[in-house]
Amino acid sequence: MNKDIFLTNNLINKKEKFVPINKKKIGMYVCGPTVYDDPHIGNARPLIIFDILFKILKCKYGKASINYVRNITDVDDKIIKSAQENNISISDLTKKVIKNFNEDCEFLNCEAPSEQPRATDHIDLMIKMISELITKDFAYENNDHVYFKVNKFNDYGKLSNKKVKDLIAGSRVDVSENKKNPEDFVLWKPSIKDEPYWESPWGKGRPGWHLECSAMSKKFLGNEFDIHGGGIDLLFPHHENEIAQSRCANDTKVFANYWVHNAFITMSNEKMAKSQGNILKIKDFRDKINGQVLRLALISAHYKQPLDWNDKLLKDCKNTIEKWYSVYLSLKAPSKIPDEILLPLYDDLNTPGYIANLHKLFDKANNGIDNDKKIFVSACNFIGILNETKTEWLDFKRKKSLISEKDILKKIELRNKARENKNYKEADKIRDELLEKEVLIEDKDGKTLWKIK
RNA sequence: GGCCACGUGGCGGAAUGGUUACGCAGAGGAUUGCAAAUCCUUCCAUCCCAGUUCGAUUCUGGGCGUGGCCUCCA
């Protein structure tokens, strides 16, 4: 499509036209999971949002032009703590969580990114970056720690709209005796006791939290690249610190040009947090709800808006997809999606607008013309919906059925006999029994059809 | 306290300087033994107060309210 892509850029807090540095080599870096616990439904939101952005960019600039990097943070205080609490080794923990994460991605029908680098494979690059920062006097060592000098970087706070003096005034920043200034943040810290460590010029230790993204984005995307994404919570301090490190180490005016952040999910209007006990793991949905339903639910609000997760949302999305499958047909090749349909996605990933367009395409497809159906299914496929065949969709529901197919057919036969005898009371009773087992009966054109709710 | 976002029908949720998408729910109808599903028709909304304007839900200012970040978080 010849239209421009627009994105809300948190660097300026405005929507603006996306202009790539090099349209044949577009770089997008998205902060992936810290693998201390299984991914939850909140983690799924950026996975899907940036998966769709990946698709849009490929659509406009060509498949081979996009380099989408999503890291895995496998060294972190939370991981150490979680491993201790669960009494397993750090590598067993990260291995397990990474496996679950990858399965979740597949379940949610997210395409694999171009690269999925791990922090622990890039410690050498981080050490190199710290050394450069020290050489350039943007960082200092003190008592086996290395800190970044925040006051040496004039643009600090530009992304998150914060003033350093406000941060100190709030005095919420971590105060440490080793820091020269309270706002400084750690680049390297010593390992104590059984903590994992790497050898470095500053002794045995491990990198600070923010450094891995600076090191890995540099490796895969260069010193300056196009898009950096993640959850809104990462805006500060994580992304602010990344910018400071990277620009100072690389001597650049720019790190990423566009900063895109997704809002949070709430659970029945409450913040989703471990302390609230309302974390829903993605893997716990796998047998209950089709991944497509979760996907549709997660894009039912614009990515910048908070999204409330509740039963009605899931029910509505399930019914929608159920309805949409009524015009499903398998495609040999995707049809061209009309520009006016695609337009909302180009305009800052307006997924609700796109869904509205899908409803309009459905109405058209419902007239029975194959070409309209093909366009509709193609448009669904574009955002990763209706990716399964109708059989697969039905099989998923059958798997969790409370009654066997044989028994269902037996009941239907009994019911139809009752109907022939005009014993409608008995017929309705059987129908209610089936409904209790989530089997829905439809009498259509003299035949009785059934489906799992 | 500082910064940011948001306030649209019964609910969810887009967009817009001039008829306010779309979905769910509701109402009526077609169909059905009754339903279900489907189809057709239909009701319902821009937090408050000023300002700019021929005209504001949209822009500006103020107010009220909600949420987020400032500490680990997607």
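Lettering follows sequence order; numbering is per chain, from 1.
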Of the listed nucleotides ([options]), which one gets closest to any side-chain atom of [X]?
{"X": "A:Gln305", "options": "B:A35, B:A14, B:G23", "value": "B:A14"}
{"X": "A:Asp363", "options": "B:G23, B:A36, B:C70", "value": "B:G23"}
{"X": "A:Lys162", "options": "B:G2, B:A74, B:G68", "value": "B:G2"}
{"X": "A:Asp443", "options": "B:G68, B:C34, B:C4", "value": "B:C34"}
{"X": "A:Pro352", "options": "B:A74, B:A14, B:G68", "value": "B:A14"}

Applying the 5.5 Å / 30° rule, does A:Phe264 stack onto the base of B:A74?
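Answer is yes, a stack.
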Tell me whether the centres of the aromatic rings in [X] and [Y] are closer together than 6.0 Å.
{"X": "A:Phe18", "Y": "A:Tyr258", "answer": "yes"}
{"X": "A:Trp188", "Y": "A:Tyr147", "answer": "no"}
{"X": "A:His210", "Y": "A:His239", "answer": "no"}

One thing to verify: whether [Y] and [X] come together as a salt bridge, which I'm taking to mean a side-chain N less than 4.0 angstrom from a carboxylate O.
{"X": "A:Arg118", "Y": "A:Asp121", "value": "no"}
{"X": "A:Asp104", "Y": "A:Lys99", "value": "no"}
{"X": "A:Arg415", "Y": "A:Asp443", "value": "yes"}
{"X": "A:Asp184", "Y": "A:Lys149", "value": "no"}

Which part of the nucleic acid does [X] contact within heavy-atom distance under 4.0 Å: base, sugar-phosphate only, or nothing?
{"X": "A:Ser300", "answer": "sugar-phosphate"}
{"X": "A:Asp308", "answer": "nothing"}
{"X": "A:Ile441", "answer": "base"}
{"X": "A:Tyr36", "answer": "sugar-phosphate"}
{"X": "A:Leu313", "answer": "nothing"}
{"X": "A:Lys360", "answer": "sugar-phosphate"}
{"X": "A:Asn161", "answer": "sugar-phosphate"}
{"X": "A:His302", "answer": "sugar-phosphate"}
{"X": "A:Arg70", "answer": "nothing"}
{"X": "A:Lys323", "answer": "sugar-phosphate"}

With nearest nucleotide decided by heavy atoms, which residue, A:Ile265 or A:Arg415, maps closer to the 5′ end of RNA chain B?
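Of the two residues, A:Arg415 wins.
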| Earlier contact from the 5' end, RNA chain B, for A:Asn43 and A:Asp428 |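 Upstream on the strand: A:Asp428.
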Spacing between [X] atom [atom1] and [N] atom [atom2], to the nearest angstrom:
{"X": "A:Lys15", "N": "B:A5", "atom1": "NZ", "atom2": "C1'", "result": "16 Å"}
{"X": "A:Trp309", "N": "B:G12", "atom1": "CH2", "atom2": "C1'", "result": "14 Å"}
{"X": "A:Asp233", "N": "B:G67", "atom1": "CG", "atom2": "P", "result": "19 Å"}
{"X": "A:Lys304", "N": "B:G67", "atom1": "NZ", "atom2": "C1'", "result": "16 Å"}
{"X": "A:Asn319", "N": "B:G23", "atom1": "CG", "atom2": "C1'", "result": "11 Å"}

Between [X] and [N], is there a side-chain N or O to OP1/OP2 distance below 4.0 Å?
{"X": "A:Lys315", "N": "B:G23", "result": "no"}
{"X": "A:Lys78", "N": "B:C73", "result": "yes"}
{"X": "A:Asn366", "N": "B:C39", "result": "yes"}
{"X": "A:Trp209", "N": "B:C73", "result": "yes"}

(Q) Work out how far the C1' atom of B:A25 is from that of B:G61, and round it to whole angstrom. (A)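 Per the computed distance, 39 Å lies between those C1' atoms.
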Please state the P separation for the pair B:U16 and B:C59 - nearest whole angstrom.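 It works out to 10 Å between them.
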Which salt bridge (charged side-chain N to carboxylate O under 4.0 Å, His left out) pairs, counting each pair once, include a residue from residues 227-245 of chain A, with sequence neighbours left out?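 Output for this query is empty, none listed.
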Side-chain polar contacts of residues 27-47 of chain A - donor-acceptor pairs under 3.5 angstrom, sequence neighbours left out - could you list them?
from	atom 1	to	atom 2	distance (Å)
A:Tyr29	OH	A:Asn71	OD1	3.3
A:Asp37	OD2	A:Lys274	NZ	2.9
A:Asp38	OD1	A:Asn100	ND2	2.8
A:Asp38	OD2	A:Lys281	NZ	3.3
A:Asp38	OD2	A:Lys283	NZ	3.2
A:His40	ND1	A:Gly42	N	3.0
A:His40	ND1	A:Asn43	N	3.4
A:His40	ND1	A:Asn43	OD1	3.2
A:His40	NE2	A:Asn43	OD1	3.1
A:Asn43	OD1	A:His40	N	2.8
A:Arg45	NH1	A:Ala263	O	3.0
A:Arg45	NH1	A:Phe264	O	3.2
A:Arg45	NH1	A:Gln305	O	2.9
A:Arg45	NH2	A:His302	O	2.9
A:Arg45	NH2	A:Gln305	O	2.8

Test for a donor-acceptor pair under 3.5 Å between the base of B:A74 and the side chain of A:Arg45, counting only N and O atoms.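 Per atom types, no contact qualifies.
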Taking Watson-Crick and G-U wobble contacts under 3.5 angstrom, with | marking pairs to another strand and [ ] crossing pairs, the secondary structure of RNA chain B is written (((((((..(((.....[...))).(((((.......)))))....(((((..]....))))))))))))....
